[in-house]
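For clarity, every value in this text was computed on a predicted model and none was experimentally measured. Each chain gets a letter, A, B and so on, in the order its sequence line appears, and its residues count up from 1.
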Amino acid sequence: MKKETPNYFHQVFEVTRRIPYGRVTTYGTIANYLTLGSARMVGWALNKSFTAENDVPAHRVVNRKGELSGRNHFPMPTMMQQLLESEGVVVENDTIKDLKKYFWDPAEEWEED
DNA sequence: CGTTTGACGGTCC
DNA sequence: CGGACCGCCAAAC
């Protein structure tokens with residue numbers, strides 16, 4: 001059973017799964033938290049989130065502007081926005097309205113499970 | 001093994 | 001405010 005899942009991939013998946021309901025974060029924040037050095041690694045890792053076995057809520061991860069930059073990589077481009085709205089996140093024009101309001105920082109130490 | 005790309009970010013103009 | 005450019009780093013080609 002070889003998963004060939006690089007360390008940073010695992011880290012990104014784990015942190016992403018730690019994102020609370022109705023909360024979002026950015027690639028740069030995760031990258032900075034994991035000290036990956038580049039936010040692109042986060043996006044790349046999340047790209048595999050679909051092929052990965054884990055349930056990674058990639059829709060809760062947006063870019064610095066709060067824009068749903070990765071919606072194009074979802075099974076359906078509209079799925080990401082629908083999921084966010086379903087969680088109570090106000091999304092307009094493929095962009096989170098009050099990003100700062102829903103923003104979640106991994107360094108804020110999550111409330112266990 | 002060199003080049004290109006990529007779900008980003010920040011600075012510069 | 002927005003377009004242009006560079007930096008990061010790994011995978012794909």
Has [X] got a side-chain atom pairing as donor or acceptor with [Y]'s backbone, closer than 3.5 angstrom?
X	Y	answer
A:Thr29	A:Thr25	no
A:Thr35	A:Asn32	no
A:Asn93	A:Thr95	no

### Task
May I ask you to verify if any side-chain N or O of A:Arg64 is less than 4.0 angstrom from the OP1 or OP2 atom of B:dG10?
yes

Might you list the N or O atoms of the protein lying below 3.5 Å from N or O atoms in nucleotides 11-13 of chain B, with each pair's distance?
none

[X] has an atom [atom1]; how far is it from atom [atom2] of [N], in whole Å?
X	N	atom1	atom2	answer
A:Asn47	B:dT5	CG	C1'	12 Å
A:Asn63	B:dA7	CG	P	12 Å
A:Asp94	B:dA7	CG	P	15 Å
A:Tyr27	B:dG10	OH	P	14 Å
A:His73	B:dG6	NE2	P	8 Å
A:Leu46	B:dG6	CG	C1'	13 Å

For [X], report the nucleic acid contact type (base, sugar-phosphate, nothing); a contact means any heavy atom under 4.0 Å.
X	result
A:Ala58	base
A:Phe9	nothing
A:Leu68	nothing
A:Thr16	nothing
A:Phe74	base

### Task
Check salt bridge (charged side-chain N to carboxylate O under 4.0 Å, His left out) between A:Arg23 and all other residues, then give those that pass, not counting sequence neighbours.
none

### Task
Check every nucleotide of DNA chain C for an atom under 4.0 Å from a heavy-atom of chain A, then give the first and the last such nucleotide from 5' to 3'.
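Result: C:dG7 to C:dA11.
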
### Task
Check whether the side chains of A:His59 and A:Glu87 place a donor and an acceptor atom closer than 3.5 Å, and report yes or no.
yes

### Message
To the nearest 0.5 Å, what is the distance between CG on A:Asn63 and CG on A:Leu68?
### Response
8.0 Å

### Query
Rounded to the nearest 0.5 Å, how far apart are CD of A:Glu92 and CG of A:Asp98?
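Here the rounded value is 10.0 Å.
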
### Query
Can A:Arg71 and A:Asp94 be counted as an ion pair, charged N to O under 4.0 angstrom?
yes

### Given A:Trp44, A:Tyr8, A:Tyr27, the one that forms side chain to side chain contact (heavy atoms under 4.5 Å, CB included) with A:Leu36
A:Tyr8

